[in-house]
Amino acid sequence: GNTRRVLVSELSGKSNIAALTSTHGVVDSEVTKAVLAEVQRREALGYQYEAADASFALVVSKAMRNFTPHFKRIRYQVEVSGYGSI
């Protein structure tokens, strides 16, 4: 059947975030406020949550403080090389 889809964006109000977090079992208004603040902060950095349900679920689980990472980063290496001059 038809289902209602609520979009997440920095312009989302508390009611949109509350509707989405309730599907994740959140009933605490402080968690809802934390999720809204985090979504707004990340979208100001360039993140988008409109079609990223799993990413939003991670934000919710981190706000609820029940997130456990699936792997541990041991080390990483970055190489940068440039060609020519500016």
Side-chain angles (χ1 to χ4, degrees):
N2 295 335
T3 58
R4 185 175 142 206
R5 177 140 165 81
V6 179
L7 294 178
V8 179
S9 75
E10 63 182 310
L11 302 176
S12 291
K14 189 176 174 185
S15 61
N16 281 357
I17 298 295
L20 288 170
T21 55
S22 67
T23 62
H24 295 282
V26 175
V27 293
D28 186 6
S29 65
E30 293 302 316
V31 173
T32 303
K33 287 179 188 176
V35 169
L36 178 60
E38 184 65 14
V39 166
Q40 289 175 339
R41 183 185 76 79
R42 287 181 176 225
E43 286 201 341
L45 295 172
Y47 289 75
Q48 293 182 356
Y49 291 98
E50 283 84 11
D53 296 331
S55 296
F56 181 76
L58 286 173
V59 171
V60 172
S61 66
K62 287 179 181 180
M64 292 174 61
R65 302 204 187 277
N66 65 0
F67 172 75
T68 54
H70 297 289
F71 58 90
K72 180 181 175 183
R73 182 181 62 226
I74 298 170
R75 71 180 186 92
Y76 64 94
Q77 179 179 342
V78 177
E79 282 188 41
V80 178
S81 61
Y83 296 98
S85 63
I86 297 179

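Note that this is a predicted model, so its numbers are computed, not measured.
V31 and A63 get closest at one heavy-atom pair: CG1-CB, 4.1 Å. For H24 against M64, the heavy-atom pair with the smallest separation is O-SD, 4.5 Å.
Atom OG1 of T21 and atom CG of N16 lie 10.5 Å apart (nearest 0.5 Å). Annotation: the span from Q40 atom CD to I17 atom CD1 amounts to 8.0 Å, rounded to 0.5 Å. The CG atom of L20 lies 10.0 Å from the OG1 atom of T32; values are rounded to the nearest 0.5 Å.
Summarising the local packing, CD1 of I74 is surrounded by 12 or fewer heavy atoms from other residues, nucleotides or ligands at distances under 6.0 Å. When the shell of 6.0 Å around OH of Y47 is examined, it contains 12 or fewer heavy atoms from other residues, nucleotides or ligands.
You'll find the side chain of V26 reaches within 4.5 Å of the side chain of V60, heavy atoms only. Side-chain atoms of V35 and V39, non-hydrogen and from C-beta on, do get closer than 4.5 Å to each other.
Between F56 and Y49, the ring planes lie perpendicular to each other; the angle is over 60°, past the 30° to 60° tilted range.
In terms of hydrophobic clustering, with Ile, Leu, Val, Met, Phe, Trp and Tyr side chains grouped at heavy-atom distances under 4.5 Å, L45 and V59 are assigned to a common cluster.
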